[in-house]
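Chain letters run A, B, ... following the sequence lines, proteins first and then strands; every chain starts at 1.
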2 protein chains.
Amino acid sequence: MIGNLELMKEISRSSPTKIVLLIIDGLGGLPNPQTGKTELETASTPNLDQLATKGICGLTDPVSPGITPGSAPGHLALFGYNPFIFSIGRGVLEALGIDFDLQPGDIAARGNFCTVDEAGLVTDRRAGRISTEKCTELCQLLDGLVIEDTKLLVCPVKEHRFVTVFRNRDLSPNISDSDPQQVGVAPKAITALKPEGAKMAGIANEFVSIAMKVLAKHHPTNMILLRGFSKRPHLPTMEEVYKLRPAAIASYPMYRGLAKLVGMEILPTGATIEDEFSTLKQNYPNYDFFFLHIKGTDSAGEDGDFDRKVSIIEQVDSALAGLVRLEPDVIVVASDHSTPTLLKGHSWHPVPVLLYSRWCRPDRVSQFAESACLFGGLGRFPAIQIMPLAMANALKLTKFGA
Amino acid sequence: MIGNLELMKEISRSSPTKIVLLIIDGLGGLPNPQTGKTELETASTPNLDQLATKGICGLTDPVSPGITPGSAPGHLALFGYNPFIFSIGRGVLEALGIDFDLQPGDIAARGNFCTVDEAGLVTDRRAGRISTEKCTELCQLLDGLVIEDTKLLVCPVKEHRFVTVFRNRDLSPNISDSDPQQVGVAPKAITALKPEGAKMAGIANEFVSIAMKVLAKHHPTNMILLRGFSKRPHLPTMEEVYKLRPAAIASYPMYRGLAKLVGMEILPTGATIEDEFSTLKQNYPNYDFFFLHIKGTDSAGEDGDFDRKVSIIEQVDSALAGLVRLEPDVIVVASDHSTPTLLKGHSWHPVPVLLYSRWCRPDRVSQFAESACLFGGLGRFPAIQIMPLAMANALKLTKFGA
């Protein structure tokens, strides 16, 4: 059986046509109990609606029905990479999230500063959510340690969160977490999950005991918890798979990191939606694939702020007009998952998707919205099929089989 | 995991009910920019619409979303054979296309007469698309060669195209093409892709150098290019899989060849649509499965002739009345892929499908058309599931599991 990427590798071809993949993070929602309308249905979106009218709509399952994806599997699927085959460890994702440049061999772990009592039992896994400034100070106490032949880099993330990178080309990340994921118990000893993890388990345990001594007088941040030991995975690049020259525009580091993993060129951009769209415009001649990531919708969803999510969707809609004027051959508007403000978090609900190209077979959908997309010509389909559809509509795929 | 064919083998049973699979090649289309209607939506099709009203409709993906299939994978899927598992080489398909009776062990290659310059670089991969008569003359110069223990058969196809068959039971087709697929470079030396291909690579290279000498004075057809070396694949027959007595009616040889590969009996027929339907009528008592293939729609699509495609669909619709009067237990109207006249070629767009039987659960679709099928009871599904649905509706499948 041939996999998705192997098939694309076989039949994709380079061409001058251009694809824009606009990802509105956490786009899908749930109806506001007062109005019966979702965030997207509430927003005034004349430009999206016009694209929906000329294009073809549908609903995607990011991973599979009922499954709520994290950001990594959600985006891998959007890029056409099966998230059940390619996985990204928690440590690596956290490192990508602070723009940390992982070297080959680096093992990254997600860390928490936490509180333990006199008996050594965890009483608060987040040490009262200390400030990021405090976290930065504590990281400096631990950064730069050398254990055996391994250098440790300890970098703050946000509040109680940090990243530890173990720099050594010959270690295996196949070790267990120290984070027990509950209070009232002691941090767990780290053990090798496979024989080749033995040395790394020893180094990680040594780091934990050094940290315990260093932090002893820093109550409530008197201990650390580590989890998600992982190496940067090797993924075939989008150039190898699709013969594209791909560029990523994302104001949040984690999404730049995910794009870098599949070989996209990262374009420097500003913090606002307008900044991102104007970066695309400036770089339009130089690439044939653009991943443009909008973070605000997901953040508003996680904060449970319905009106803010509506407003960000409307900002994206306004900015879209300039993108349409560039006349890309294919525009896909999609998302990595739903983030309904009612749920204040990622969810499993299918996600509205819109594809516009000269060669799509238009349907009767004239509004970009969850309820309208249900009757769209793309039907309901796995997000991993978005890239093959975009490539087909850009006439970048040759025939399969004789 | 049990495969599609294994499942059918396990639960199919022989019964007197009859299935007709009417394939209107390249049926799916794109809207005419002037009218907003596809070829099928433009055609007046009272008989198809009546079947759609009494039956159940949907849209199929021939291979998978975004993928444009060749004729072979498109038809294998219609017969229920996974086109990612069973593949048919270019050489074999070309041989099937001229009704060449491939023997076990035969290796077929697709050939082009081409032009090379004094330095041996290809200047025209098609030698100016010479006439079929000229091609036939040139093939006679090369036909019947014996290289080592292998007899070569060289048969004209059309214009610059020919087939070479290497007759020997013990050779492997695991060798590379000589066709570089571009001009300005020399034809490539043929090499073994696996060790067992070594002998065959030698014979193929020897054939190329003999051809070069023979053709030296025949500018612009002074060289050949070979590709798609392949053997007739072994496929389980439809009798083995479905316990059917299947017959094929197709005026074009390639489709007869594909039907033969899955063990269908080939019924001699004439060139017109009426001929094909009357062949079915005459042979109706003798088989319980009929594959009836209409080629004209695909040809019109490839020629970009919207009106001709509409007219052929209308001819099929007229002929359908006689078929309905035979009262087959199941009638499926489907296609191997879309061939929109706007694109002048096969495409990835999903294909309308209609299933009529006494036991289908009718939907509200009353017109056989792309836009209407979107709301059909069959939904959108892979073409490989058409055969299980046809078998079920013919009450030819027993229960799965206890």
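Atom CZ of R358(A) has 12 or fewer heavy atoms from other residues, nucleotides or ligands within 6.0 Å. In K37(B), the NZ atom is not crowded: 12 or fewer heavy atoms of neighbouring residues, nucleotides or ligands sit closer than 6.0 Å. Shown here is E239(A), whose CD atom has no more than 12 heavy atoms of other residues, nucleotides or ligands within 6.0 Å. By the 6.0 Å contact criterion, OH on Y252(B) is open, its count of non-hydrogen atoms from other residues, nucleotides or ligands being 12 or less.
Contact tally against chain B (heavy-atom pairs below 4.5 Å) for N393(A), T398(A), I386(A), L397(A): the top residue is N393(A). Interface remark: of the candidates A72(B), S371(B), G228(B), P73(B), P73(B) forms the most heavy-atom pairs closer than 4.5 Å to chain A.
Annotation: side chain of I67(B) is in contact with side chain of M8(A) (closest heavy-atom distance under 4.5 Å).
Considering every non-hydrogen atom in both F375(B) and R364(A), the closest pair reads CE1-NH1, 4.4 Å. The two atoms that bring L93(B) and A402(A) nearest to each other are CD2-C, 3.2 Å, heavy atoms only. The heavy-atom pair separating A392(A) from G66(B) by the smallest distance is CB-O, 3.2 Å. In plain terms, the two heavy atoms of S338(B) and R361(A) that are nearest each other are OG-NH2, 3.3 Å.
For a residue to count as touching a neighbouring chain, one of its non-hydrogen atoms must lie under 4.5 Å from one of that chain's; by this rule L342(B) touches chain A with backbone and side chain alike. Within the 4.5 angstrom heavy-atom criterion, atoms from both the backbone and the side chain of P350(B) approach chain A. With a 4.5 Å cut-off on non-hydrogen atoms, M387(A) does not touch chain B at all. When heavy atoms are compared at a cutoff of 4.5 Å, P31(B) approaches chain A solely by way of its side chain, counted from C-beta outward.
Taking CH2 from W359(A) and CH2 from W348(B), the interatomic distance works out to 8.0 Å, rounded to the nearest 0.5 Å.
Under a 3.5 Å cut-off, the side chain of R380(B) and the backbone N or O of R380(A) do not form any donor-acceptor pair.
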